[in-house]
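The block underneath contains the structure these notes are about, expressed in structure tokens.
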Amino acid sequence: MARLAFVLACALALLASSIASGAIVEHSFNVNNLTISRLCRNQSITVVNGSYPGPTIYARDGDTLIVHVLNQSPYNISIHWHGIFQLLSAWADGPAYVTQCPIRPGQSYTYKFNITGQEGTLWWHAHISWLRATVHGALIIHPKADRSFPFPKPAKEVPIILGEWYNGNVVDIEEEGLSKGIGPNISNAYTINGLPGDLYDCPQNQTYQFSVVRGKTYLLRLINAALNNQLFFKIANHNMTVVAIDATYTTPYVTDVVVTAPGQTTDVLVTFNQPIGSYYMAATPYASASDTVDFDNSITRGLIIYKNSTSTPIMPLMPNPHDTPLAHKFLTNLTSLAGGPQWVPVPLEVDEHMFVTIGVNLALCPENATCQGLFNNKFSASMNNESFVLPSNTSMLEAQFHNVSGVYTRDFPDDPPVKFDYTDTNISLDLSLIYAPKSTKVKTLKFNSTVEMVLQNTAFLAIENHPMHLHGFNFHVLAQGFGNYNPINDSKKFNFDNPQIRNTIGVPVGGWAVIRFRANNPGIWNMHCHLDVHLPWGLGMAFEVENGPTPESTLPPPPLDLPIC
């Protein structure tokens with residue numbers, strides 16, 4: 001009996017150890033070109049493992065993820081694990097020229113990192129040029145084996161990736177726009193799990209669908225992988241209950257529409273309790289810039305089919321693409337699940353206060369070049385009037401680790417150089433304000449310092465919502481609103497109890513958002529607009545977080561196979 005008890009105790013200890021330490025989840029990504037048919041034409045696209053979208057990765061909190069990437073495409077590539085904290089593994093974050101040089105054609109790199117204190121829906125995507133249009137996939141993190149969801153277990157989980165399709169080579173489309181100094185061509189369709197649906201040309205076998213059992217509740221994991229468009233998402237005759245955003249649990253919120261910006265994820269529970277039939281799920285753009293910016297005003301849709309259904313599908317009534325009040329209502333009604341799994345309270349003491357303007361600008365046309373932007377210049381973008389430029393000969397993280405000078409400077413401003421009426425449309429074409437210098441500047445932060453950042457949209461050229469993504473951290477969204485941020489009145493609106501926690505925030509059109517985060521992870525961490533049209537224009541910056549006082553808070557050396565520029 002004693003021996004049996006000893007063996008049982010050892011087995012339980014081993015199980016507890018395996019649960020605590022997690023498993024090793026290993027994948028191989030082969031990046032290559034693939035020709036597929038969409039919208040009546042064959043198109044060569046860059047994909048992972050011959051599939052579009054790419055493979056879904058499943059892991060648990062506490063696991064170690066190892067992904068071997070072999071680049072067999074004709075383009076430089078890097079992979080970003082969108083929303084992963086990368087605690088002490090900044091070398092695996094993925095943005096080209098920020099934390100690594102790109103993987104050149106024929107070369108390989110192994111990403112290795114721990115998943116620590118995270119569960120929910122994230123995703124991975126290319127982080128160089130426009131390749132993430134087709135190089136992307138879901139990254140699903142389940143709770144540890146001895147834990148459960150903070151809601152009833154669903155009958156099934158279904159990843160739903162919303163994307164954009166271009167009739168053309170996306171690398172060429174981006175380069176053409178940059179060379180002319182104008183906005184690139186808009187997309188030709190939206191997609192659900194890689195398929196545009198039956199409202200576009202040549203719709204045969206182009207509609208994503210899945211079947212459900214009446215009375216069952218399903219968990220839909222929505223991912224906005226579109227390059228340049230925020231989206232409304234609806235299911236005909238069905239409500240959805242939002243239970244998580246950006247892999248953080250929310251107070252359950254019932255809605256008939258979801259609004260999602262590029263980079264964001266939204267988990268919704270749907271109880272399929274309607275009469276047996278077929279129901280369309282559909283997505284259409286939320287175009288915050290009104291009619292001043294061209295956009296693809298079309299609808300992608302997929303089918304949800306009840307078991308034994310033979311009826312004609314029902315289509316939801318889609319919102320007007322310019323319905324900002326509807327979008328704002330959804331985005332401001334979300335709150336975090338205080339006290340729930342992985343919940344983190346708001347840090348109350350602030351070490352660094354920043355007020356950062358964001359928007360579109362102009363840059364002077366280079367000599368001997370022809371530019372087609374406004375006033376024969378090039379379109380640009382900036383944060384605090386600094387238009388961000390990536391280095392080309394090394395990565396910023398290597399420069400930080402090896403103390404290499406001349407790659408970036410440590411003088412990103414805490415405030416804009418000039419104060420003005422930021423959202424007044426009369427300054428839209430003010431030539432004394434709309435030109436921003438090009439630079440590679442970072443804001444240096446002490447380890448474990450707390451940063452509060454006011455993100456203020458401007459009225460330059462076009463007033464629109466900007467989805468801003470922060471690498472390496474989640475942040476609390478304390479408040480958001482329209483017009484110019486007022487520190488006296490608007491600070492009274494701060495939610496310190498259960499603010500939503502995100503890694504990507506859509507700063508309201510002609511408005512502001514206040515975020516707060518703790519810089520507890522050494523490295524270089526990019527913050528940028530997740531509209532890919534604005535990223536190469538310069539709508540970004542970076543934080544340089546210093547090492548902490550212990551080995552456990554110090555960035556380790558780079559991997560031996562780190563790509564070379």
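All values below come from the heavy atoms of this structure, side chains included, with hydrogens, waters and symmetry mates left out.
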Side-chain contact, heavy-atom cut-off 4.5 Å: [X] with [Y]?
X    : Y    : answer
Q480 : I505 : yes
H469 : H80  : yes
F295 : Y286 : no
N333 : T255 : no
N503 : H471 : no
P184 : E174 : no
W165 : I45  : yes
P262 : R132 : yes

Donor-acceptor side-chain pairing of [X] and [Y] below 3.5 angstrom:
X    : Y    : value
S311 : S278 : no
S336 : W343 : yes
Y166 : D296 : no
S73  : N32  : no
Y111 : Q100 : yes

Write down the atom of [X], the atom of [Y], and the distance for their closest heavy-atom approach.
X    : Y    : value
N169 : Q43  : N-NE2, 3.6 Å
L39  : A189 : CD1-CB, 3.9 Å
S288 : V509 : O-CG2, 3.6 Å
I79  : V69  : CG1-CG2, 4.3 Å
Q209 : I305 : NE2-CD1, 3.7 Å
V135 : V48  : CG1-CG2, 3.8 Å

Given V98 and D93, is the side chain to side chain contact (heavy atoms under 4.5 Å, CB included) satisfied, shown in steps?
CA-CA 9 Å; V98 178; D93 191 42; over 6 Å; no

Drop me the distance from [X]'s [atom1] to [Y]'s [atom2], to the nearest 0.5 angstrom.
X    : Y    : atom1 : atom2 : value
N229 : S187 : CG    : OG    : 5.5 Å
M240 : L219 : CE    : CG    : 13.0 Å
S44  : L34  : OG    : CG    : 7.5 Å
I299 : T284 : CD1   : OG1   : 4.5 Å
N474 : R502 : CG    : CZ    : 10.5 Å
D146 : R60  : CG    : CZ    : 9.0 Å

Taking the six-membered ring for Trp, are [X] and [Y] parallel (under 30°), tilted (30 to 60°) or perpendicular (over 60°)?
X    : Y    : value
F496 : F494 : perpendicular
H528 : H127 : perpendicular
W124 : W81  : tilted
H125 : H530 : perpendicular
F517 : F473 : tilted
H328 : F482 : tilted
H136 : W123 : perpendicular

Under 3.5 Å: donor-acceptor pair, side chain of [X], backbone of [Y]:
X    : Y    : value
T64  : I24  : no
T250 : P252 : no
T248 : I501 : yes
D61  : G117 : yes
Y306 : N273 : yes
R301 : M281 : no
N224 : T265 : no
Q264 : T504 : yes
N193 : P159 : yes
N498 : L337 : no

Test side chain to side chain contact (heavy atoms under 4.5 Å, CB included) on F149 and V243 and set out the steps.
CA-CA 10 Å; F149 296 128; V243 292; over 6 Å; no

Step by step, would you call I463 with N457 a side chain to side chain contact (heavy atoms under 4.5 Å, CB included)?
CA-CA 8 Å; I463 303 177; N457 260 318; over 6 Å; no

Decide if atom CD1 of I276 counts as having more than 12 heavy atoms of other residues, nucleotides or ligands within a radius under 6.0 Å.
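Counting other residues, nucleotides and ligands, CD1 of I276 exceeds 12 neighbours.
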
Near N42 CG, under 6.0 Å, is it more than 12 heavy atoms from other residues, nucleotides or ligands?
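Above 12, so yes.
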
With I103, the side chain to side chain contact (heavy atoms under 4.5 Å, CB included) member among L70, I77, V31:
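Running side chain to side chain contact (heavy atoms under 4.5 Å, CB included) over L70, I77, V31 with I103 returns exactly one hit, I77.
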
Candidate pair W512 and V514, rule side chain to side chain contact (heavy atoms under 4.5 Å, CB included), full reasoning
CA-CA 7 Å; W512 52 268; V514 181; 3.9 Å; yes

Can you list the steps and then say if S298 with Y200 is a side chain to side chain donor-acceptor pair (under 3.5 Å)?
CA-CA 9 Å; S298 64; Y200 298 98; 2.6 Å; yes

